[in-house]
Amino acid sequence: MGRAVGKQLYCFDFETESDCDLKACGSVVYSHHYSTEVICLCWNRVGEPDVGEWVPGALESTLTQLVEHQDTVFMAHNVGFEKAIWRNIMMPRYGYPDIPDDRWHDTMAVCAEKGLPLGLDEACRALRLPEQKDKAGSKFTIGLSKHTFDKTGMSKVNRPEDWRDIVIAYCHQDVAAEIALHKRIGWMEPKEREVWLLDQTINARGVAVDLAFVTAAQTIVRDAIAPLASQFMDATGLKFTQTAKLLAWFKARGLHIPNMQKGTLDSILGSDEHGHDDDIDWELFVPDMPEDLRRLLKIRQLIGSASIKKLDKMLECTWHGIAYNLLQYHGAGTGRWAGRLLQPQNFPRGVGRDMDHVVSAIMTGDHRYVDAVIGPPVEVVVGALRHALVSRPGKVFVVGDFAGIEARVVLACAGQHDKTALMAAGENPYIDMANQIFNRTDITKTDDIFEYTIGKNTVLGCGFGMGKDKFHLRYCPLQSLSFAERVIQTYRKEWAPEVPKLWYGLEAAVVKTVHDRTAHEAYGVEFWMERDGWLTARLPSGRKLWYYDPKPCTVHVPWDIAILKNAYTYGAQKTGHWQRVSGYGGLITENVVQALARDLMVHAMFICERENMPIVLTVHDEIVCEVDECGHDWAKMLQQIMEDRPQWAIDMQVPVTAECWQGDRYRK
DNA sequence: CGGCAATGCGCC
DNA sequence: AAACGGCGCATTGCCG
């Protein structure tokens, strides 16, 4: 079941034209758009000369036979697109039967699993395949869409006469490239195929968006920003989004600002809205700033949030109140999902205001009212963005969050069992850490906020080799550097001395594997050079992490120019493009730990599905299910599910706890 | 002018 | 005895 191997495999590729912007709206909205039309569907049976094509109105039965043959599996690169076209155009308009999820195979999912770029063209290039995607053809086809007319100058009247033939030829070339890619990368691991099928189910369910809430929020933002933006323009001649130019403008008036980030502005203005004086860097505070400049910075701070763009995005990518395909399977190299379209994984957290109060105020659409009863309207809306996601009528969200999961996994992985036992016993590890750092025994969460926060940040942040400089900059810029150094040393030497051994142990194993091309194991992770140019790390969970094109190298150690040590690099996607990355202990540890935390998620996700708690969203260490509204204590049930550990996690002694709640609106 | 890279900013 | 990593989207700015 679910296996696509051994069946008749057909590569399947649609070319379409539309006024709808596919990238912005997603494949579901695109496929439903009135203007979207199929130009052609081309296919080729993998390993056979069996090539075919379909165009609207074609009278032939080959396609019907293919689809009705239950042993036919259809392969595409990003099948979300092909599925949407099939189900929302081919079925309703042309009467074809459905192709169920388990008869699709996605080469993009395999690329994701094996650490390759997700784009077809980028993947083929990274693998140096002779068969490549036809870039000119792609540009031509995209140019057929009306929303690009102004850019390409092509329109229905001046298209070349043979434009359909050009597109069909391009489509066949894409099919050839996809087949070459498939032959090189093969199938998914069977267990990951099951995860991917679940991913497809979740993406097809979608999440409901409260459209009335979104439009009310848009009204508030628009009305609140307008007067402030024009004041700002009058004073500076600049739009408040032109960050670099603004910094120069302020500099010319004697005010040197490192950046326009929220925290920086809080510090410079010497006040933040919520009285967290801890967060303020008083060295940046400018007490004698001219009032006009202060006023401008204040405006920038109030309306400069880019997050409000999400409101537009929510409407754009929603079809009849549901946003589909918000998650990318294995979007991160470690197997975590990535967010797409309205990006549900980076909603601002807000500041813990009363949700019902905030939502009802926003629903009025009146920015003055929001200002009067809650606070600065734009800031209120930004903090409430996640509340736009709601459960469908008659349903309720049940949401669970793994507590400090990566810190727990790294300690368990390292064999730091005194600390995992402490967590398993329900004690607070952050207090334990803080007591050790400050040489005390009586620190509490409420009475020693600074000490507690340092303890927490140390436990959560230091498991992957962070150094004193980074810790200082990030968590305690007002303290001395030697304080940060002491914190780091306390973690590494006293609190969790097994953890640095984990970094160096994993590094030694992976470096040996890349250099001598034999298997090496450390801490339950087995490194191995696969055929065809991959390094893999088999995790205690049984899953493999894949690193493409690993190469041995040597580097100078930082403390002695004369000493060389073995190291390695590999190809990976970084800041949006394919480049070589240097591996090191902290990094490989981070990858392994993040991957294991993901596998704990997946374990819980399968149980949720089995127990009739359909998942609609995941956010790294958080599961969102949508269940029938009834008297049932769903939160309790989800907690039991998430705290059920797979055997490998029991063996590793990972202490797992989950915090769960239920409600009809998404919140933190 | 479009394409691409870098940057800023949100999250875990 | 060094190194925190993983994302996506919007915007800006540079280059051809």
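Atom set for the values below is all heavy atoms of this structure, side chains included, hydrogens, waters and symmetry mates excluded. Below, read A as the first sequence line, B as the second, and so on, with proteins coming before strands; counting in each chain starts at 1.
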* To do: Would you mind classifying the nucleic acid contact of A/Arg598 as base, sugar-phosphate or nothing, using non-hydrogen atoms under 4.0 angstrom?
  => nothing
* Assign A/Gly467 to base, sugar-phosphate, or nothing according to its heavy-atom contacts below 4.0 angstrom with the strands shown. => sugar-phosphate
* Could you run down nucleotides 6-16 of chain C 5' to 3' and tag each one B, S or - for protein heavy-atom contact under 4.0 Å? -> BSBSSSSS---
* To do: To the nearest Å, give me how far apart NZ (A/Lys470) and P (C/dG5) are.
  => 6 Å
* Contact class for A/Gly461 vs. all strands (heavy atom < 4.0 Å): base, sugar-phosphate, or nothing? -> nothing
* To do: Please state how far atom CZ in A/Arg349 lies from atom P in B/dC12, giving the value in whole angstrom units.
  => 4 Å
* **Distance, rounded to the nearest Å, where A/Trp503 contributes CH2 and C/dG5 contributes C1'** => 13 Å
* Which residues pass the side-chain contact (heavy atoms from CB on, under 4.5 Å) test with A/Arg665, sequence neighbours left out? -> A/Asp210, A/Phe213, A/Met355, A/Val359, A/Met363, A/His387, A/Val390
* List in chain and number order the residues that pass side-chain hydrogen bond (donor to acceptor under 3.5 Å, both in side chains) with A/Glu113, two or more places apart in sequence or in another chain; answer none if no residue qualifies. => none
* Quick one: do A/Glu507 and A/Lys565 make a salt bridge, cutoff under 4.0 Å? -> yes
* Taking ring-ring contact (aromatic ring centres under 6.0 Å, His included) as the test, write out the residues that go with A/Tyr491, two or more places apart. => A/Trp495
* Separation of C/dA3 P from A/Phe471 CZ (nearest whole Å) -> 13 Å
* Structure fact -> note: A/Asp469, atom CG; C/dA3, atom P; distance rounded to Å ~ 7 Å
* Can you sort out the partners of A/Glu485 under side-chain hydrogen bond (donor to acceptor under 3.5 Å, both in side chains), two or more places apart, ordered by chain and number? => none
* Please identify each residue that fulfils side-chain contact (heavy atoms from CB on, under 4.5 Å) with A/Arg125, with sequence neighbours left out. => A/Asp121, A/Glu122, A/Gln132, A/Lys135
* Going by heavy atoms in the side chains, are A/Pro497 and A/Arg492 under 4.5 Å from each other? -> no
* Asked: Once you round it to whole Å, what is the distance between P of B/dT7 and NE2 of A/His577?
  -> 10 Å
* Round to the nearest Å and state the distance from A/Asn457 atom CG to B/dC12 atom P. => 14 Å
* Provide, to the nearest angstrom, the distance between the CD atom belonging to A/Glu507 and the P atom belonging to C/dG5. => 13 Å
* Asked: Considering residues at least two apart in sequence or located in another chain, which fulfil the side-chain hydrogen bond (donor to acceptor under 3.5 Å, both in side chains) criterion with A/Lys114?
  -> none
* Asked: Within the pair A/Arg492 and C/dA3, is there a side-chain N or O less than 4.0 Å away from OP1 or OP2?
  -> yes
* Structure fact -> The correct list of stems in which DNA chain C takes part (3 or more consecutive Watson-Crick or G-U pairs, distances under 3.5 Å) is B:1-12 with C:5-16
* Asked: Taking the side chain of A/Lys668 as its heavy atoms from C-beta onward, which of B/dA6, B/dC12, B/dG10 lies nearest to it?
  -> B/dC12
Going by atom type alone, with no hydrogens or angles, which donor-acceptor pairs under 3.5 Å involve a side-chain atom of residues 326-336 of chain A and a protein atom two or more places apart or on another chain?
unit_1: A/Gln328; atom_1: OE1; unit_2: A/Arg340; atom_2: NH1; d: 3.1
unit_1: A/Tyr329; atom_1: OH; unit_2: A/Glu192; atom_2: OE1; d: 2.6
unit_1: A/His330; atom_1: ND1; unit_2: A/Ala112; atom_2: O; d: 3.2
unit_1: A/His330; atom_1: ND1; unit_2: A/Ala332; atom_2: O; d: 3.0
unit_1: A/Thr334; atom_1: OG1; unit_2: A/Gln594; atom_2: OE1; d: 2.5
unit_1: A/Arg336; atom_1: NE; unit_2: A/His620; atom_2: ND1; d: 3.4
unit_1: A/Arg336; atom_1: NH1; unit_2: A/Glu406; atom_2: OE2; d: 3.4

* Give A/Tyr584 one of three labels, base, sugar-phosphate or nothing, depending on what nucleic acid heavy atoms sit under 4.0 Å from its own. => base
